[in-house]
Amino acid sequence: MKIAAAVTENRPDAVITEVFEDAAGLLIIETDTMTADAYVEEDLVGALDQWQCEAILCGEMYDSGLFEAIAGLCVTRYYAGGLPAMEAAQKMMDYELPYITDYVGGHGCDSHDDGERHCTGECGAPGEEE
């Protein structure tokens with residue numbers, strides 16, 4: 001499976017930024033071999049689609065449009081700010097990272113007009129109707 005890590009520089013041991021928008025680029029990681037396959041500095045959303053990434057390891061997101069574009073690709077977002085990319089990838093595989101269900105200041109996956117929770121996973125985090 002391919003995933004992306006929003007990192008400070010083009011190195012497998014680079015750190016994931018605390019804020020997604022501060023990332024220098026995306027490190028594309030193949031989780032089957034835990035190797036870095038590529039590094040992308042431009043059109044990060046396009047790169048997620050091109051590399052068919054299933055997840056992104058990043059810090060908090062403040063840009064609502066960017067968040068929505070990534071969520072629209074059905075890419076699951078995991079909070080891994082401050083962790084080295086490969087360590088974060090392993091933690092994701094071990095189910096040790098929290099999901100990012102909304103951008104900072106957003107209403108969150110479980111906010112709805114009727115006051116009830118209806119998370120179906122559409123926000124990028126697995127869930128079931130409650």
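Being a predicted model, the structure only gives us computed values, none of them experimental. Only heavy atoms go into these numbers, but all of them, side chains included; no hydrogens, no water, no symmetry mates.
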Nearest heavy atoms of C53 and V75, plus distance in Å
O-CG2, 3.4 Å

Using side-chain hydrogen bond (donor to acceptor under 3.5 Å, both in side chains) as the criterion, list what pairs up with D32, not counting sequence neighbours.
none

Give the minimum heavy-atom separation between T33 and T35, together with the two atoms involved.
OG1-OG1, 2.7 Å

In chain order, what residues pass the side-chain contact (heavy atoms from CB on, under 4.5 Å) check against A38, with sequence neighbours excluded?
I28, W51

Check whether more than 12 heavy atoms from other residues, nucleotides or ligands sit under 6.0 Å from atom CD of Q52, and answer yes or no.
no

Using salt bridge (Lys or Arg N to Asp or Glu O under 4.0 Å) as the criterion, list what pairs up with E68, not counting sequence neighbours.
none

Let me see the working for V7 and T17 under side chain to side chain contact (heavy atoms under 4.5 Å, CB included), right down to the final yes or no.
CA-CA 6 Å; V7 293; T17 57; over 6 Å; no

Determine the minimum heavy-atom distance between G59 and I16, stating which atoms define it.
N-CG2, 4.1 Å

Residues forming a side-chain hydrogen bond (donor to acceptor under 3.5 Å, both in side chains) with Q90, sequence neighbours excluded:
D94

M93 CE to M1 CE distance, which is reported to the nearest 0.5 Å:
4.5 Å

If you apply the rule side chain to side chain contact (heavy atoms under 4.5 Å, CB included), what do you find for L66 with E21, and how did you get there?
CA-CA 9 Å; L66 182 62; E21 290 85 352; 4.2 Å; yes

Work out which heavy atom in P12 is nearest to a heavy atom in L27; give both atom names and the distance.
CA-CD2, 3.8 Å

Under the side-chain hydrogen bond (donor to acceptor under 3.5 Å, both in side chains) rule, collect the residues that match up with Y79, sequence neighbours excluded.
E18

Quick one: list whatever passes side-chain contact (heavy atoms from CB on, under 4.5 Å) with E87, sequence neighbours left out.
L83, P84, K91

Looking at CD1 of I29 and CD1 of I3, how far apart are the two atoms once the value is rounded to the nearest 0.5 Å?
4.5 Å

Sequence neighbours left out, what passes side-chain contact (heavy atoms from CB on, under 4.5 Å) with L44? Give chain and number order.
F20, L26, V40

Does Q50 have any side-chain contact (heavy atoms from CB on, under 4.5 Å) partners at least two apart in sequence or in another chain, and if so, which?
none

Got a sec, which residues hit salt bridge (Lys or Arg N to Asp or Glu O under 4.0 Å) with D37, two or more places apart in sequence or on another chain?
K2

For A88 versus L97, what's the shortest heavy-atom pair and its separation?
O-CD1, 3.4 Å

With sequence neighbours excluded, residues passing side-chain hydrogen bond (donor to acceptor under 3.5 Å, both in side chains) with D13
R11

If you measure from OG1 on T76 to CD on E54, what distance do you get to the nearest 0.5 Å?
8.0 Å

Quick check for you: to the nearest 0.5 Å, what is the distance between I70 atom CD1 and I56 atom CD1?
4.5 Å

Rounded distance (nearest 0.5 Å) linking atom OH of Y39 with atom CD of E9:
8.0 Å

To the nearest 0.5 Å, what is the distance between CZ (F67) and CD (E60)?
12.0 Å

Hydrophobic cluster partners of V104 (side-chain heavy atoms under 4.5 Å):
V19, Y62

Salt bridge (Lys or Arg N to Asp or Glu O under 4.0 Å) against D63, all qualifying residues, sequence neighbours excluded:
none

